[in-house]
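Structure, as structure tokens:
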Amino acid sequence: MSFEKRVAIVTGAGSPRGIGRAIALTLAKRGADVVVGDMDLAGAERVAEEIRAMKRSAIAVKVDVTRQTDVAELVRTALDRFGRIDILVNNAGITQPIKVVDMTEKDWDRILAVNLKGTFLCSQAVLATMIKQGYGRIVNMSSVSAKRGGGVFGGAHYSAAKAGILGFAKALAREVAAHGITVNSVAPGLIATDIRGGLESPERQKEMSRDIPCQRIGTPEEVAATVAFLASEEAAYITGEDIDINGGSHMD
Ligand SMILES: NC(=O)c1ccc[n+]([C@@H]2O[C@H](COP(=O)([O-])OP(=O)(O)OC[C@H]3O[C@@H](n4cnc5c(N)ncnc54)[C@H](O)[C@@H]3O)[C@@H](O)[C@H]2O)c1
């Protein structure tokens with residue numbers, strides 16, 4: 001897989017131990033120029049710097065994916081700098097461990113806005129460019145929570161948002177397939193990042209892994225490898241699909 005001359009936008013890629021960073025680095029390692037988008041500009045700058053240290057081009061853009069004006073600016077900046085957008089990875093996401101009985105309307109709206117509306121806004125914003133190019137790869141970040149039901153780390157709003165992403169991706173995949181654009185999703189299980197409020201201790205990770213057939217938590221790099229495949233030219237005939245990356249904790 002080569003991403004030479006390909007331009008990628010990865011949202012939520014500024015987290016120092018996050019999945020987005022791993023995706024940005026994996027694509028860059030294989031030749032892509034990368035737009036690192038995140039609400040945390042300092043974090044995004046650090047990741048862009050790591051990529052530039054690999055002698056690849058990268059820029060950091062501050063973006064809140066729930067705001068259409070921010071997203072339009074992200075896409076405009078990418079086009080001004082690189083002239084094309086081949087890959088969009090809708091990775092920005094947040095979770096909240098909370099029960100429905102305790103959930104406020106604000107909680108619901110916030111989780112749906114970042115995970116689901118953000119995916120819609122960013123996808124919509126790149127479509128005109130990808131259609132003009134006759135080429136595009138959109139990869140979305142769903143979750144095992146979408147399929148299995150929340151569990152301890154995400155509430156029902158998170159499951160709903162991540163399941164919504166799967167339906168959105170399939171419908172969009174049908175709309176744009178004739179333009180050479182594929183739309184796919186990945187559904188990670190437990191991955192070692194800071195999304196649950198900081199990395200768990202090795203003891204806690206062991207405890208969390210008890211019911212996972214692979215007996216361990218996944219790494220951001222393992223998610224990134226699958227995202228890179230779906231973002232590659234070689235995956236041209238895969239669209240509307242979702243791939244589980246969960247060590248066997250959920251099989252469908
Ligand atoms: N870590 C896991 O176990 C796991 C499992 C399944 C799915 N996921 C999904 O993977 C994705 C990445 O999560 P992670 O574990 O790397 O988390 P993380 O918290 O390390 O990174 C998330 C990043 O998204 C950014 N972000 C949050 N809200 C944003 C917004 N409105 N606009 C732009 N950026 C925003 C944050 O600043 C952060 O840099 C998320 O969509 C998450 O739901 C994670």
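Both counts, for ligands and for their atoms, begin at 1 and track the order of listing.
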Query raised in the report: Between E50 and R56, is there a side-chain N and carboxylate O pair less than 4.0 Å apart?
Result: no
Query raised in the report: Which residue owns the protein heavy atom closest to atom 38 (C) of ligand 1, what's the atom, and how far is it?
Result: D38 OD2, 3.6 Å
**Report entry** Region of T95 that comes within reach of ligand 1 [heavy atoms, distance under 4.0 Å]
**Finding:** neither
Query raised in the report: So V71 and V63, side chain to side chain contact (heavy atoms under 4.5 Å, CB included) or not? Walk me through it.
Result: CA-CA 6 Å; V71 171; V63 61; 4.3 Å; yes
Query raised in the report: Considering residues, nucleotides and ligands other than D80, do more than 12 of their heavy atoms fall under 6.0 Å from its CG?
Result: yes
Query raised in the report: Between K147 and D242, is there a salt bridge with N-O shorter than 4.0 Å?
Result: yes
Requested in this report: Output yes when the distance from some N or O of ligand 1 to some N or O of T66 is under 3.5 Å, and no in every other case.
Outcome: no
Query raised in the report: Taking non-hydrogen atoms only, is R17 closer than 4.0 angstrom to ligand 1 via side chain, backbone, both or neither?
Result: neither
Requested in this report: With heavy atoms of D64 as the reference, note each atom of ligand 1 found under 4.0 Å away.
Outcome: 30 (C), 31 (N), 32 (N)
Query - Test salt bridge (Lys or Arg N to Asp or Glu O under 4.0 Å) applied to D70 and K62, step by step - result: CA-CA 8 Å; D70 276 26; K62 184 176 168 67; over 6 Å; no
**Report entry** R174, CZ atom: more than 12 neighbouring heavy atoms under 6.0 Å
**Finding:** no
Query raised in the report: What are the atoms of ligand 1, with element, lying closer than 4.0 Å to any heavy atom of S15?
Result: 18 (P), 20 (O), 21 (O), 38 (C), 39 (O)
Query raised in the report: Can you find an N or O of P188 that's nearer than 3.5 Å to an N or O of ligand 1?
Result: no
Query raised in the report: In chain order, what residues pass the side chain to side chain contact (heavy atoms under 4.5 Å, CB included) check against R84, with sequence neighbours excluded?
Result: R6, V7, D86, Q133
Query raised in the report: Would you call E49-R46 a salt bridge at under 4.0 Å N-O?
Result: no
Requested in this report: Please identify which atoms of ligand 1 are closer than 4.0 Å to at least one heavy atom of L190.
Outcome: 3 (O)
Query raised in the report: Can you check whether D40 has an N/O within less than 3.5 Å of an N/O in ligand 1?
Result: no
**Report entry** Residue portion contacting ligand 1 (non-hydrogen atoms closer than 4.0 Å) for V65
**Finding:** both
Query raised in the report: Salt bridge check: are R76 and E73 linked by an N-O gap of less than 4.0 Å?
Result: yes
Query raised in the report: Can you find a non-hydrogen atom of K162 under 4.0 Å from ligand 1?
Result: yes
Query raised in the report: Do any N/O atoms on I191 end up under 3.5 angstrom from N/O atoms on ligand 1?
Result: yes
Query raised in the report: Can you list the atoms of ligand 1 that are under 4.0 Å from a heavy atom of I94?
Result: 27 (C), 28 (N)
Query raised in the report: Considering only heavy atoms of S143, which atoms of ligand 1 have at least one such atom less than 4.0 Å away?
Result: 6 (C), 7 (C)
Report task. Check ligand 1 against G93 and write out every atom of the ligand that is under 4.0 Å from a heavy-atom position of the residue. Result -> 22 (C), 24 (O), 40 (C), 41 (O)
Query raised in the report: When only distance counts, is G18 in polar contact with ligand 1, meaning an N/O pair under 3.5 Å?
Result: no
Query - Under-4.0 Å heavy-atom contact with ligand 1, by part of S142 that carries it - result: backbone
**Report entry** Atoms of ligand 1, numbered as shown, that sit under 4.0 Å from any heavy atom of M141
**Finding:** 9 (C), 10 (O), 11 (C), 41 (O)
Query raised in the report: What protein heavy atom sits nearest atom 15 (O) of ligand 1, and how far away is it?
Result: T193 OG1, 2.5 Å
Query raised in the report: Of all residues at least two apart in sequence or in a different chain, which pass the salt bridge (charged side-chain N to carboxylate O under 4.0 Å, His left out) check with E105?
Result: none
Report task. Answer yes or no: does an N/O atom from R196 fall short of 3.5 Å to an N/O atom of ligand 1? Result -> yes
Query raised in the report: Which of the atoms in ligand 1, numbered in the order shown and given with their element, are less than 4.0 Å from a heavy-atom of Y158?
Result: 6 (C), 7 (C), 8 (N), 9 (C), 42 (C), 43 (O)
Report task. Can you figure out which of V144, I19, N91, V71 has its heavy atom closest to atom 11 (C) of ligand 1? Result -> N91
